[in-house]
Amino acid sequence: DYSKLKKPLLYLFLDTTCHLTLGLLDDNFCWVNYQHLKHEKSSQVVHELIYDLVEKANGSLSKLKGVFQVSGPGSY
């Protein structure tokens with residue numbers, strides 16, 4: 001259960017090369033949580049999903065240390 005983590009998550013992973021993959025990594029670059037969604041219009045849901053992932057892990061968007069972005073089709 002990632003909601004019991006003692007320190008905030010530091011990295012967001014975003015991949016839109018094939019559908020949408022979102023994840024959170026700790027400071028050792030280990031997966032804390034991730035989601036792979038086959039949503040046709042990922043731009044319609046990506047912001048809410050990012051917010052929910054970070055919030056459930058007791059983190060804050062402002063405390064993210066970095067973002068891993070894999071460029072894919074579309075606007076992300």
Side-chain angles (χ1 to χ4, degrees):
D1 183 8
Y2 57 88
S3 65
K4 296 179 182 176
L5 290 174
K6 293 180 181 174
K7 56 187 190 177
L9 302 173
L10 300 176
Y11 298 95
L12 172 68
F13 178 87
L14 175 62
D15 180 357
T16 60
T17 55
C18 183
H19 304 292
L20 174 64
T21 302
L22 289 174
L24 295 172
L25 300 132
D26 64 17
D27 56 349
N28 293 313
F29 304 108
C30 296
W31 286 113
V32 174
N33 188 17
Y34 76 95
Q35 297 179 2
H36 179 76
L37 303 164
K38 294 181 179 180
H39 199 279
E40 284 191 34
K41 295 285 187 180
S42 58
S43 62
Q44 293 177 349
V45 297
V46 68
H47 298 102
E48 181 178 352
L49 292 172
I50 290 171
Y51 180 81
D52 288 345
L53 273 176
V54 174
E55 185 179 70
K56 287 178 183 176
N58 294 324
S60 168
L61 291 174
S62 64
K63 293 184 179 181
L64 290 175
K65 188 170 184 178
V67 176
F68 293 97
Q69 178 184 351
V70 180
S71 296
S75 60
Y76 290 94

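The first residue of the sequence shown is numbered 1, and numbering continues consecutively from there. Computed from heavy atoms alone, side chains included, the values below leave out hydrogens, waters and symmetry copies.
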Peer 1: Locate the shortest heavy-atom distance separating S60 from V54; write the atom from each residue and the value.
Peer 2: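 Distance-wise, the nearest heavy atoms are N-CG1, 3.4 Å.
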
Peer 1: Only one of V32, N28, D27 clears side chain to side chain contact (heavy atoms under 4.5 Å, CB included) with C30; which?
Peer 2: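 One option only clears the test, and that one is N28.
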
Peer 1: When rounded to the nearest 0.5 angstrom, what distance separates CG in L53 from CD in E48?
Peer 2: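 Here the rounded value is 11.0 Å.
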
Peer 1: Over all heavy atoms of both residues, which pair between K63 and L10 is shortest? Give the atoms and the distance, please.
Peer 2: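 Of all heavy-atom pairs spanning K63 and L10, the closest is O-CD2, 4.2 Å.
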
Peer 1: Could I get the full list of side-chain contact (heavy atoms from CB on, under 4.5 Å) partners for F68, not counting sequence neighbours?
Peer 2: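 F68 satisfies side-chain contact (heavy atoms from CB on, under 4.5 Å) with Y11, F13, L25, F29 once adjacent residues are dropped.
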
Peer 1: Shortest non-hydrogen contact from H19 to K38?
Peer 2: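 Of all heavy-atom pairs spanning H19 and K38, the closest is ND1-CA, 3.5 Å.
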
Peer 1: When rounded to the nearest 0.5 angstrom, what is the spacing between CG in L22 and CG in D52?
Peer 2: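 Spacing of CG (L22) from CG (D52) equals 10.5 Å.
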
Peer 1: Hey, could you give me the CG/CD distance between L14 and Q69, rounded to the nearest 0.5 Å?
Peer 2: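 Going from CG on L14 over to CD on Q69, the span is 5.5 Å.
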
Peer 1: Checking Y34 now: which residues fulfil ring pair (Phe, Tyr, Trp, His ring centres under 6.0 Å) with it, not counting sequence neighbours?
Peer 2: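 In terms of ring pair (Phe, Tyr, Trp, His ring centres under 6.0 Å), with neighbours along the sequence ignored, Y34 is linked to W31.
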
Peer 1: What I'd like to find out is whether the side chain of L37 reaches to under 4.5 Å of the side chain of L49, using heavy atoms alone.
Peer 2: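 Yes - at least one pair of side-chain heavy atoms lies under 4.5 Å apart.
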
Peer 1: Assess whether side chain to side chain contact (heavy atoms under 4.5 Å, CB included) is satisfied between L20 and D15, documenting all intermediate values.
Peer 2: CA-CA 6 Å; L20 174 64; D15 180 357; over 6 Å; no

